[in-house]
Engineer: 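Have a look at this one.
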Amino acid sequence: MAEAPSTLNPAQMEAVNHLSSPCLVLAGAGSGKTRVITQKIARLLQAGLHPAHIGAITFTNKAAQEMRERAKALVGAKASKHLVISTFHSLGVRLLREDGERLGLKPKFSILDSDDVLGVMREAGGTTDPKIARGWQWTISLWKNNGLTPEQAEAAAKTPDEVVAARVMRLYQERLTAYQAVDFDDLISLPLTLLQRDEETRLKWQKQLRHVLVDEYQDTNATQYELLKALVGADGVFTAVGDDDQSIYGWRGATIDNLKRLPLDYPNLKVIPLEQNYRSTGAILAAANNVIALNPKIFQKKLWSEFGEGEPVRVVECDNEEHEAERAVARIQGIRANATGAHAGATDWKDFAILYRANHQSRKLEEALRKAQIPYKVSGGQSFFDRAEIKDLCAWLRLLVNQDDDPAFLRAITTPKRGIGHTTLAALGEFSGKWKVSLFEALFQASLGTVMSKKAIGSLHEFGRYVNDLEYRARHTVGAEAARPMLLEWLTDIGYEKHLHEGEESEKLATARWGNVIDFIDWIARRCGGEIDNDGADAQGTQGETEKKSVLDVAQTISVILSLAERSEDQDMVTLSTLHASKGLEWPHVVLVGVNEGTLPFRREEEEMTADRLEEERRLMYVGITRARRTLLVSTLLRQKRGREVRKAIPSRFIAEMKLDERTAKEDPRERLKALRAEFAAKAAQAKPAR
DNA sequence: CACAATAATATTTTT
DNA sequence: TATTATTGTG
């Protein structure tokens with residue numbers, strides 16, 4: 001967030017002090033909404049509310065963590081510790097852990113991530129084609145987010161695909177209950193059914209959370225809306241903070257209907273727009289306002305700032321993507337070079353972002369940045385640890401560390417396949433649910449014999465014994481030298497390499513995956529220490545003889561290391577990001593690339609654009625523009641590669657919609673000359689090391 | 001019928 | 001660029 005003044009402006013003040021009825025804060029981009037939320041928390045405490053009775057709900061863990069930190073800074077560690085600051089999903093987890101038994105869910109139910117879900121879908125629908133399964137996963141998730149039961153989905157299904165998906169949905173749900181597992185969507189929908197069905201629980205939670213604040217309210221879906229409603233009760237008080245102009249997640253179930261419905265469902269709703277922007281210059285805000293003005297409005301809102309006009313927003317037309325990337329790089333270098341003198345050192349690499357519509361657009365940009373030796377990071381890219389094969393192995397390690405980790409158990413016992421099918425697992429799940437023990441614990445219970453075949457019990461016991469044995473070995477294998485063979489032995493034991501080759505169509509891909517596995521093994525072994533560590537990329541930069549650790553020790557810290565590895569934010573790098581991933585962030589200098597018809601208002605061939613779609617794309621453009629604090633460069637292509645042929649490309653209508661000509665957007669010829677020079681210099685620089 | 005070469009086609013993502 | 005669908009050939 002940009003530096004906000006120490007006092008609140010009148011609108012913010014009103015939002016903070018309005019405690020008597022539900023409150024909707026329409027927080028424009030950069031209007032200090034997080035500040036309003038944290039200040040309001042402080043205000044509620046001052047009004048005598050106990051911290052444990054205040055809930056702040058966000059969408060991402062990152063946002064929740066940031067909110068907690070800011071609240072802590074404001075109200076102190078003691079009070080902030082009791083505040084309920086969490087995501088919708090973790091609140092759902094908490095609700096279900098405490099009261100899920102009323103729905104027949106054991107307190108230690110497992111939460112499946114989307115990979116796990118895909119596996120269950122494949123089994124339930126009897127397919128090996130991941131594409132089909134992904135399709136099911138997608139539609140079923142949307143149905144669940146709209147509060148549909150499998151029966152309702154079956155009734156609503158229109159196309160043949162949907163009919164199949166609805167049938168899979170029922171099988172899928174049955175399987176989840178049998179496994180005592182829930183997916184992410186269930187974390188919202190199950191608490192909702194619970195609250196709707198069980199008055200005692202509803203009253204308990206309504207009493208527990210006396211004031212709920214919801215961040216990014218425009219991103220809520222139908223189920224989340226209902227959950228919020230059930231949570232606050234008919235005459236409850238809450239604060240929703242959001243911006244209809246930044247609603248860009250319609251495609252995953254978020255609806256701005258939730259904003260429209262709010263005044264109807266709560267007649268005494270107080271609507272407070274936050275229109276003063278503390279982030280961008282006048283030129284940037286004007287462009288943003290001009291674009292978004294063309295969308296039909298629910299609530300009127302127009303951003304303004306006290307920062308003055310600033311640099312005009314610039315538009316460049318490029319011949320092709322390579323050219324565009326070069327110009328983006330030249331632009332960055334140009335601004336950096338200009339920042340000497342009065343602002344010497346004031347411009348770091350991290351002050352720049354290049355934003356685009358779709359991930360694949362980052363390629364040419366990465367190339368150009370590498371050539372120019374500019375450090376960069378790509379946000380939202382697939383992490384090494386997100387790969388299926390790494391997650392498989394992590395599941396095993398998690399199971400070694402904590403045998404009660406049921407999702408890990410499910411993943412480990414089914415990868416590789418070891419003759420334990422879903423019937424056995426369902427029975428085991430049912431058993432563990434009944435006796436309130438983990439799946440692993442249930443495995444050794446003698447009374448299992450009553451519900452299962454001898455053969456199944458045999459395989460289960462074999463698995464259990466193997467896990468115990470492996471745990472013992474992991475505990476006693478110390479140092480990298482010993483760790484490597486031990487880990488390889490483990491992979492041989494479970495036949496993982498074979499599993500990879502069988503499960504993968506192409507041999508090449510399987511080999512690549514196996515390569516990842518070896519890297520991972522090596523990575524763990526190195527962390528067991530005891531050898532000369534020359535890994536310069538190591539976060540700690542440790543060198544020389546390291547302390548020896550057991551494999552189990554390393555496994556224990558793996559989750560910590562994972563989250564640490566992602567925290568490379570404080571490094572001085574240019575950011576490459578999709579527009580979606582850029583929401584909520586800001587940079588002094590932003591370059592928006594590939595602003596073309598078909599890309600930025602995204603349109604698939606032979607598919608007409610509905611008004612809804614266009615409006616969401618326009619909001620995306622708006623989000624992109626409002627990320628910039630001081631300068632904004634919008635670039636568009638004149639030619640675009642489509643497959644093998646090069647076609648002419650049409651600049652996006654959004655460029656005209658910014659109405660830059662009203663503000664002398666013509667590129668300064670001196671700037672153009674400078675850019676050309678930088679381009680030339682970059683070309684010369686890359687030509688030299690190449691030969 | 002199996003396999004290989006060629007053509008076509010590509011969003012956005014958190015929990 | 002990479003993956004997938006289609007067509008052609010042995």
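Below, all heavy atoms of this structure are taken into account, side chains as well, without hydrogens, waters or symmetry copies. Reminder, nothing fancy here: chain letters follow the sequence lines and each chain counts from 1.
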Engineer: Among the nucleotides dT14(B), dT12(B), dT15(B), which one has an atom lying closest to any side-chain atom of R357(A)?
Structural biologist: dT12(B)
Engineer: From the list dA5(C), dT13(B), dT11(B), which nucleotide is the closest neighbour of the side chain of Y249(A)?
Structural biologist: dT13(B)
Engineer: Could you check whether F88(A) and the base of dT15(B) form a stacked pair, meaning centres closer than 5.5 Å and planes differing by less than 30°?
Structural biologist: no
Engineer: Among Q180(A), K106(A), R411(A), exactly one meets side-chain hydrogen bond (donor to acceptor under 3.5 Å, both in side chains) together with D406(A). Which residue is that?
Structural biologist: K106(A)
Engineer: Less than 3.5 Å apart, any donor N or O on the side chain of E324(A) or S635(A) sitting next to an acceptor on the other?
Structural biologist: yes
Engineer: H89(A) has an atom NE2; how far is it from atom P of dT13(B), in whole Å?
Structural biologist: 16 Å
Engineer: Please report the distance, rounded to the nearest Å, between CD in Q640(A) and P in dA10(B).
Structural biologist: 13 Å
Engineer: Do N295(A) and R618(A) have side-chain atoms, one donor and one acceptor, less than 3.5 Å apart?
Structural biologist: yes
Engineer: Please check the phosphate of dT15(B) (OP1 and OP2 only) for any side-chain N or O of S114(A) closer than 4.0 Å.
Structural biologist: no
Engineer: Side chain of T60(A) only, heavy atoms from C-beta on: which candidate in dT11(B), dT1(C), dT15(B) is closest?
Structural biologist: dT15(B)
Engineer: Scan side-chain atoms only and decide if T149(A) and Q152(A) contain a donor-acceptor pair under the 3.5 Å cut-off.
Structural biologist: yes
Engineer: Is N61(A) touching bases, backbone alone, or none of the nucleic acid, heavy atoms closer than 4.0 Å?
Structural biologist: sugar-phosphate
Engineer: How many Å lie between CZ on F184(A) and P on dT13(B), as a whole number?
Structural biologist: 16 Å
Engineer: In whole Å, I'd like the distance from the CG atom of L142(A) to the C1' atom of dT12(B).
Structural biologist: 13 Å
Engineer: Tell me whether R97(A) at atom CZ has more than 12 heavy atoms from other residues, nucleotides or ligands lying less than 6.0 Å away.
Structural biologist: yes
Engineer: Rounded to the nearest Å, what distance is computed from the CG atom of residue L579(A) to the C1' atom of nucleotide dT12(B)?
Structural biologist: 9 Å
Engineer: Go through the structure and list residues passing salt bridge (Lys or Arg N to Asp or Glu O under 4.0 Å) with E216(A), not counting sequence neighbours.
Structural biologist: K33(A), K583(A)
Engineer: Among L187(A), V214(A), D219(A), which residue meets the side chain to side chain contact (heavy atoms under 4.5 Å, CB included) test with F88(A)?
Structural biologist: V214(A)
Engineer: Between dT4(C), dT13(B), dT11(B), which nucleotide gets closest to the side-chain atoms of T578(A)?
Structural biologist: dT13(B)
Engineer: Given the rule that a pair is Watson-Crick or G-U wobble with both distances under 3.5 Å, how would you write DNA chain B in dot-bracket, using | for pairs to a different strand?
Structural biologist: ||||||||||.....
Engineer: Would you tell me if any nitrogen or oxygen in the side chain of N359(A) comes within less than 4.0 Å of OP1 or OP2 on dT13(B)?
Structural biologist: yes
Engineer: By centroid distance (under 5.5 Å) and plane angle (under 30°), are F602(A) and dT11(B) in a stacked arrangement?
Structural biologist: yes
Engineer: Could you state the atom-to-atom distance from CG of D113(A) to P of dT13(B) in whole Å?
Structural biologist: 18 Å
Engineer: In whole angstrom, give the distance that lies between atom CZ of R134(A) and atom C1' of dT11(B).
Structural biologist: 15 Å
Engineer: Between Y249(A) and H580(A), is the ring centre distance below 6.0 Å?
Structural biologist: yes
Engineer: Can you figure out which of dA5(C), dT11(B), dT13(B) approaches the side chain of K131(A) most closely?
Structural biologist: dA5(C)
Engineer: How close or far is atom P of dT13(B) from atom NE2 of H360(A), stated in whole angstroms?
Structural biologist: 12 Å
